[in-house]
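Reviewing the structure listed below.
The analysis underlying the following values was restricted to heavy atoms, covering all of them including side chains, and did not include hydrogens, waters or symmetry mates. In what follows, residues are counted from 1 in the order of the sequence shown.
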Amino acid sequence: MLSAILESDSDSSPYVLRQTELRTDAGADQEVGPHDRTIVERFIASIVKHREALQRRLIQQQPVDVAVTPERAKRKRVESPIKQPGPKSKSCARAFVARAGHMNTVSNLLTPAKAIQAEREAEADQTVKNDLVCDVDSVLDAARPTSAERRLCADNYAAIVCARLEKLIGDVQRSDNAGAKCGRESKHLGAEAARKNTKAAGKMSLTAAAAESAGEQADSAAYSQLVRWISLCSKASGSGPKVSREPMMYPWMSAFIAFVAKELASAAAAGESSEETLKLVSFGKFDFVADDSDDYRRVDIGLVLSSGNTSSFTDAAPAYKDAVMLVELKRYLTEQAKAYMQLVLYTRNLFGTQPNRRFAWGLTVCATTVRACLFVHDKVLSSGAMDVSTSDGRRVFVELLTNWTLCESWRLGYDPTIRYDADLKHWEIDVCDSETQLTRSYICASICCNAYSTFGRHTRCFVAHKKTAGPVSASSQDSSMVLIKDSWAQATGPGSDVVHDEVAYLREIRDALADDRALYGTYPLLEAGGVVQIKYAGGVADDTTQLMLKDIDKNTRVKVPARIHRWIVMSLVGEPLHNLKSIDELIVVAGDVMAAHTAIAKRCGLLHRDLSVNNIMFHRDANGGVRGMLIDFDNACRITDMEKTERPDCVGTLPFMSIGNLELSDVERTVLDDWESLIYVLCWIGTVGINQADQDCEAVHILPIKSWHKDSATNIAITKRQYMHEVSYFEYYILDHIQKVEGYEELLKLLLHLHASLFNSHHVSPSARGCIIPRKFEKYMVGIAQPKVPAPSDTQFLDRNVDPAITDSFARRAEIADALADELLEVTQRFRDEALQRINKGNTH
């Protein structure tokens with residue numbers, strides 16, 4: 001095979017290509033032909049050509065912190081134009097899913113903000129169309145306190161508040177009627193007197209509004225806006241009140257909530273309750289952009305729980321991390337669907353900014369109609385209409401606000417096993433280990449992964465150390481750091497086990513590989529794990545979706561997929577790939593990860609099924625050396641189970657899924673699917689850049705590979721078939737776009753060898769090579785030729801014993817997956833060893 005070595009020469013040309021012999025012995029990997037040698041030579045020539053320009057760019061570029069900081073919380077508004085999301089895919093179960101994560105994460109920085117916004121809007125629109133369950137009146141019961149004492153208290157308080165509210169409405173309406181009569185009798189006062197009265201009334205209104213925003217206790221006149229809203233709506237006809245602008249409704253809604261909060265506090269004080277009653281109030285600012293938002297969307301109203309007694313409105317700056325729930329208002333009943341969609345868009349930020357958020361509540365207000373929405377991990381459940389222009393509607397809404405005020409925190413959607421210590425300014429986490437039945441407490445040092453998505457597992461990762469009674473030195477704290485993973489795993493049904501038990505998988509991996517020191521650090525080492533426990537009905541209960549929905553009617557519960565809330569504590573703590581210093585380190589990491597992958601597949605019979613840039617990490621030893629680590633076995637599956645599946649499911653991260661996975665092919669999933677994913681990961685990093693020093697966010701938008709990150713599953717599969725079919729297409733679409741930065745030539749060579757070994761191996765028959773296109777894809781592949789590769793005699797092919805009737809190249813390769821995987825592993829290990837030698841010699845880029 002070709003081995004191209006770059007040698008530094010300061011006196012002449014900066015880089016000289018020296019070619020060595022071709023290795024064609026049976027034990028070596030794939031032979032690389034003259035055409036491939038030309039690819040490497042041309043690539044190195046381009047490095048020399050662009051070297052000065054690259055150096056100028058790197059010198060001018062300031063160091064960039066890849067973490068999201070307040071200064072980088074929002075992007076500039078100026079963005080390039082984008083196309084709307086494509087048509088609904090027929091391959092994967094969920095047609096279109098917006099990319100998860102903060103908009104300023106490394107992967108999302110490569111996409112215009114408007115494109116991400118469009119994806120989120122498309123996802124919200126599909127959520128409303130496909131995943132919204134409307135008119136579920138029992139949703140309101142999910143907000144009820146669980147203890148009988150609190151429920152009785154909530155019922156009594158709600159009755160008191162309703163009585164006072166109706167009295168207030170009656171008093172104000174009688175006063176308004178008297179004023180109207182007086183006005184009719186005094187028409188002779190003339191227009192000038194009327195103008196003066198109107199001006200005085202306006203000043204009074206402004207004074208009342210100022211008093212509210214300043215947090216002063218308002219009298220009944222301050223709630224005239226509340227009564228005006230109800231009165232206007234009761235007189236309105238058609239699709240809603242005659243309101244000229246939507247912002248007029250914001251103080252009306254807030255005044256209603258403020259009145260309930262004030263009266264609840266008074267009722268609690270009169271009842272001499274032993275517990276402090278929190279108040280559910282709105283932020284003092286309406287139509288706001290949250291301080292911790294990653295975009296410029298404006299939220300109508302945010303509600304928070306306040307313990308103060310001086311104001312019905314909180315003075316805190318609006319931020320998603322502080323909000324209990326969000327409210328979306330519209331003027332007309334006909335805008336209900338739009339209100340739902342916008343509420344979905346906002347609520348995803350609650351999951352992303354609140355580490356202890358399990359599920360979320362929200363409100364939509366269209367005209368006088370209020371609906372409560374419960375966001376669980378796969379569905380949105382909406383209550384029936386609460387019309388506040390009627391006494392019955394007001395009563396139901398007051399009862400809901402009262403229940404939210406008095407219920408347990410986990411009924412509001414919070415996780416009681418993770419709590420924030422405001423004095424010490426850190427999160428504390430309690431983890432119950434299912435194996436030992438012991439609960440351990442940890443102190444969170446940092447949060448390295450948040451759940452910026454509306455639906456799904458809502459995976460969060462915390463770097464933490466065990467909580468101790470006394471002080472802990474910095475050195476011992478660093479050595480005892482662990483990674484705590486919080487996620488909602490899919491279950492087979494209510495009360496059943498999870499579909500893919502990551503805790504059980506990690507225990508099995510730990511036990512099977514414990515004696516292999518060469519693999520130590522290449523996989524997560526399980527320390528504890530189990531189901532999150534919630535205090536319920538005097539005991540404890542497993543935290544599941546069914547526990548959330550326990551008070552909701554059965555017909556609705558069966559529509560919601562079952563999930564189980566789990567903690568997993570692991571060591572070692574890894575770093576993301578964008579923290580690597582060179583391509584050689586990336587090659588070392590890839591070799592380590594695939595060595596672990598192979599051992600886990602052979603010794604444990606587990607297939608990972610989700611190799612991606614986020615699930616390959618690394619850590620450094622005391623000498624600064626890197627060690628790759630394969631993480632996240634949420635989608636792992638036993639190979640024996642895959643063999644029994646008639647049609648394997650579609651799992652993984654869309655840009656890195658194998659072609660068969662994207663197409664939901666009937667071909668059995670094997671280790672080759674994960675090897676294919678590795679190639680796509682390396683292609684992605686090679687073209688986009690390993691870190692921000694190499695990335696050009698302007699140029700990346702013209703890369704052919706960008707379609708893998710934004711298109712439908714069907715279209716991604718088609719483009720991958722085209723790109724991978726033959727080395728000339730692989731060169732044109734991928735290799736020609738590898739970063740023209742020193743050191744990337746080694747990644748290019750590795751990709752050439754991996755591509756040859758997987759898609760065009762000389763050791764398999766011609767019918768097992770390339771990406772032969774099924775008839776349904778022929779129209780997309782006009783002009784694509786079959787790979788022309790010299791082959792040994794038929795008796796030497798690895799697939800010589802495969803049924804000749806199997807003509808699909810992927811199916812034939814699946815029959816000899818283990819042999820091809822061994823060849824691929826040999827390639828990665830040889831490149832890993834060479835990269836390690838360059839690193840040790842200090843001759844790396």
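The 12-atom threshold is not exceeded at CG of D515, counting heavy atoms of other residues, nucleotides or ligands nearer than 6.0 Å.
Between H458 and F351, the distance from one ring center to the other falls under 6.0 angstrom. Taking the six-membered ring for Trp and the full ring otherwise, the centers of F633 and H608 sit less than 6.0 Å from each other.
Scanning all heavy atoms of the two residues, the minimum distance from Y442 to V569 falls at OH-CG1, 3.7 Å.
Between K485 and E502, at least one side-chain N (NZ, or NE/NH1/NH2) sits under 4.0 Å from a carboxylate O, which counts as a salt bridge. Comment: D292 does not engage K321 in a salt bridge, judged by the lack of any side-chain N to carboxylate O separation of less than 4.0 angstrom. Remark: D634 engages R457 in a salt bridge, criterion side-chain N to carboxylate O under 4.0 Å. Between K285 and D291 there is no salt bridge, since none of the side-chain N atoms of the basic residue sits less than 4.0 Å from a carboxylate O of the acidic one.
Residue pairs satisfying the salt bridge (charged side-chain N to carboxylate O under 4.0 Å, His left out) criterion with at least one member in residues 526-550, sequence neighbours excluded, are listed as follows: R358-D543.
Test T417, I534, V532, D415 against W410 for side-chain contact (heavy atoms from CB on, under 4.5 Å) and you get one pass: I534.
At least one donor-acceptor pair closer than 3.5 Å links the side chain of S677 to the backbone N or O of F656. Counting only distance, with no hydrogens or angles, the side chain of R348 and the backbone of Y452 share a donor-acceptor pair below 3.5 Å. For Q354 (side chain) and A323 (main-chain N/O), a donor-acceptor pair under 3.5 Å exists by modelled atom type. The closest donor-acceptor contact from the side chain of R563 to the backbone of W488 lies under 3.5 Å.
A donor and an acceptor atom, one from each side chain of T459 and D486, are nowhere located under 3.5 Å apart. Looking at H597 and D674, their side chains do bring a donor and an acceptor atom within 3.5 Å of each other. In this model, a donor atom of one side chain and an acceptor atom of the other lie less than 3.5 Å apart for E408 and T146. Using a 3.5 Å distance cut-off with no hydrogens or angles, the side chains of R419 and S409 do not pair a donor with an acceptor. For the 3.5 Å distance criterion, the side chains of D592 and T522 fail to qualify, holding no donor opposite an acceptor.
Atom CD1 of residue I301 and atom CG of residue L363 lie 9.0 Å apart, to the nearest 0.5 angstrom. Within the model, atoms OG1 of T653 and CG of N635 stand 7.5 Å from one another, a figure rounded to the nearest 0.5 Å.
Two residues are said to be in side-chain contact when any heavy atoms from C-beta on lie closer than 4.5 Å; C604 and R510 fail this criterion. Looking at heavy atoms from C-beta onward, I685 lies in side-chain contact with V613 at the 4.5 angstrom threshold. Between F283 and V304 the shortest side-chain heavy-atom distance falls below 4.5 Å.
Residues passing the side-chain contact (heavy atoms from CB on, under 4.5 Å) test with D551 are D141, R151, R411, sequence neighbours excluded. In terms of the salt bridge (Lys or Arg N to Asp or Glu O under 4.0 Å) criterion, R440 has no residue partners (sequence neighbours excluded).
Judged by the 6.0 Å distance and 45° axis criteria, R627 is not positioned over the aromatic ring of F618.
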Exercise. Begin with the C-alpha distance, continue with both residues' side-chain angles, and end with the deciding distance and a verdict on side chain to side chain donor-acceptor pair (under 3.5 Å) for S434 and R507.
Key: CA-CA 12 Å; S434 59; R507 284 198 182 106; 3.2 Å; yes

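Ring-plane geometry between W567 and H565 is classed as tilted, the angle between the planes lying from 30 to 60 degrees on a 0 to 90 degree scale.
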